[in-house]
Amino acid sequence: MSNHSAIQEQSMLEEVIQGLQKPQKELSSKFFYDERGSRLFEKITQLQEYYPTRTEISILEKHIEEITGQIGDKAVMIELGSGSSRKTRLLLDKLESLVSYIPVDISEEYLQQVAEQLRQDYPQVLVKPVCADYTSRFEIPDLAPDYKNQVLFFPGSTIGNFSPKEANNFLNNLESLTDDNASLLIGVDLRKDRSVLEAAYNDQKGVTAEFNKNILMRLNKELSADFDLSTFRHNAFFNEQESRIEMHLVSKRDQTVTICGQEFYFEEGESIHTENSYKYSIERFRDLVGDSFSIDQIWTDENRYFSVQFLRKK
């Protein structure tokens, strides 16, 4: 194991233990995304019930000329949580003068595969992958001197995984990382009927349940935990008061789980809170970003299920 991997594993262990010691046990949603988790999420994005990905792609396709016009010439694009870069290709196809593309992702193996494929498909673009937890401070690699501006690309409504306070801190961090004239192209899921929201996180094929349980599989593999996945069930529901979808893993029985020799007791019905996905109104999101960014333009679908927003640093 490399020193970098050992440090990452120790950091993960400390965060997992801290989360499972809370009165409401919790695990960070960033731990979903090992290679298997990234692939399961790709499957989720193709499900009939899961509207965000196809809706966001349709908005990008419909308004691509306006969006790339906002980004401008000779930009450096920094994508946070690059995944498979499907949406990125829509931009790369149109941004003919793009100087560099920097995908930032926590799943190193997956990131390298995606970066290599993009290098082959877009040889004119300098691709510089960064393996990092983009929710923490990370270093933007040295950039070509002839670029005009930086654009952060944060698709997929991932901003909803942060609490409003965390989102505010995250945006402040992005502001301090980037140039004075940097911009942010971001996907934001909007408030809508509860039935549409809950169906999106409880698909009939059970892929989201498998994705949720993958976090336990990863702890078994990487932290020598002994979770029995068959004794936990997926539960996702809309919390109206907080305006968020919550995902939990609920223990089906009383049980004790061991992680690196440390024991954690679960009562029947007790849950691990694994993810939040906040849903915003346009007005509420404008208030959220107001300290760091101003909203230049908003594009939505005809149902107003989803929005793509272009923000500039204040």
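Both backbone and side-chain heavy atoms feed into the values below; hydrogens, waters and symmetry mates do not.
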Working for salt bridge (Lys or Arg N to Asp or Glu O under 4.0 Å), residues Arg36 and Glu210
CA-CA 10 Å; Arg36 181 173 184 268; Glu210 192 179 353; 2.7 Å; yes
Carefully, step by step, assess Leu95 and Ile71 under the rule side-chain contact (heavy atoms from CB on, under 4.5 Å).
CA-CA 9 Å; Leu95 291 167; Ile71 293 170; 4.0 Å; yes
Step-by-step side-chain contact (heavy atoms from CB on, under 4.5 Å) determination, Leu185 to Leu152
CA-CA 6 Å; Leu185 182 65; Leu152 294 153; over 6 Å; no
Of Phe293, Phe162, Phe138, the residue whose pairing with Phe170 passes ring-ring contact (aromatic ring centres under 6.0 Å, His included):
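The single option meeting the ring-ring contact (aromatic ring centres under 6.0 Å, His included) with Phe170 is Phe162.
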Under 4.0 Å between a Lys/Arg side-chain N and an Asp/Glu carboxylate O for [X] and [Y]?
{"X": "Glu268", "Y": "Lys252", "result": "no"}
{"X": "Glu61", "Y": "Lys94", "result": "no"}
{"X": "Glu15", "Y": "Lys30", "result": "yes"}

Donor on one side chain, acceptor on other, [X] and [Y], under 3.5 Å:
{"X": "Glu275", "Y": "Asn161", "value": "yes"}
{"X": "Gln117", "Y": "Gln113", "value": "no"}
{"X": "Thr231", "Y": "Gln255", "value": "yes"}
{"X": "Glu66", "Y": "Gln297", "value": "yes"}
{"X": "Arg54", "Y": "Gln46", "value": "no"}
{"X": "Asn303", "Y": "Tyr51", "value": "no"}
{"X": "Ser292", "Y": "Lys314", "value": "no"}
{"X": "Thr45", "Y": "Tyr50", "value": "no"}
{"X": "Gln204", "Y": "Glu49", "value": "no"}
{"X": "Ser251", "Y": "Glu270", "value": "no"}
{"X": "Asn212", "Y": "Asn235", "value": "no"}

Evaluate the criterion salt bridge (Lys or Arg N to Asp or Glu O under 4.0 Å) for residue pair Glu246 and Arg244; output intermediate values, then yes/no.
CA-CA 6 Å; Glu246 293 185 15; Arg244 70 189 187 199; 2.9 Å; yes
How far apart are the C-alpha atoms of Asp121 and Arg89, what are their side-chain angles, what is the distance that settles it, and do they pass the salt bridge (Lys or Arg N to Asp or Glu O under 4.0 Å) test?
CA-CA 10 Å; Asp121 295 345; Arg89 288 172 178 271; 2.9 Å; yes
Check whether any side-chain heavy atom of [X] lies under 4.5 Å from a side-chain heavy atom of [Y], and answer yes or no.
{"X": "Leu80", "Y": "Phe153", "answer": "no"}
{"X": "Ser136", "Y": "Tyr134", "answer": "no"}
{"X": "Phe232", "Y": "Val250", "answer": "no"}
{"X": "Thr88", "Y": "Met77", "answer": "yes"}
{"X": "Asn202", "Y": "Thr208", "answer": "no"}
{"X": "Arg191", "Y": "Tyr305", "answer": "no"}

For Arg284, does its backbone N or O pair with a side-chain atom of Ser281 as donor and acceptor, under 3.5 Å?
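Present.
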Flag, side chain of Arg194 to backbone of Phe238, donor-acceptor distance under 3.5 Å
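A pair under 3.5 Å: yes.
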Measuring from atom [atom1] of [X] to atom [atom2] of [Y], what distance do you get when rounded to the nearest 0.5 angstrom?
{"X": "Leu223", "Y": "Leu216", "atom1": "CG", "atom2": "CG", "result": "11.5 Å"}
{"X": "His248", "Y": "Phe237", "atom1": "NE2", "atom2": "CZ", "result": "4.0 Å"}
{"X": "Leu311", "Y": "Gln309", "atom1": "CG", "atom2": "CD", "result": "6.5 Å"}
{"X": "Met247", "Y": "Ile272", "atom1": "CE", "atom2": "CD1", "result": "12.0 Å"}

For Phe264, enumerate each residue passing the ring-ring contact (aromatic ring centres under 6.0 Å, His included) test, keeping only those at least two apart in sequence or located in another chain.
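For Phe264, no residue satisfies ring-ring contact (aromatic ring centres under 6.0 Å, His included) once neighbours in sequence are set aside.
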Listing request: all salt bridge (Lys or Arg N to Asp or Glu O under 4.0 Å) pairs with a residue in residues 174-189, at least two apart in sequence or in separate chains.
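Matches after skipping sequence neighbours: Asp189-Lys192, Asp189-Lys279.
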Please say whether more than 12 non-hydrogen atoms of neighbouring residues, nucleotides or ligands are located less than 6.0 Å from CD in Gln24.
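Yes - once you tally the heavy atoms of other residues, nucleotides and ligands closer than 6.0 Å, there are more than 12.
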Flag if over 12 foreign heavy atoms under 6.0 Å of CD, Glu302:
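Atom CD in Glu302 is not packed in, count stays at 12 or less.
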Parallel, tilted or perpendicular: rings of Phe285 and Tyr280 (30°, 60°)
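Aromatic pair Tyr280/Phe285 classed perpendicular.
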List the steps and the verdict of salt bridge (Lys or Arg N to Asp or Glu O under 4.0 Å) for Arg119 and Glu116.
CA-CA 5 Å; Arg119 285 191 187 106; Glu116 188 52 44; 3.3 Å; yes
Is it the case that Lys25 places NZ or CZ above or below the six-membered ring of Phe266, under 6.0 angstrom from the centre and within 45 degrees of the axis?
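Yes.
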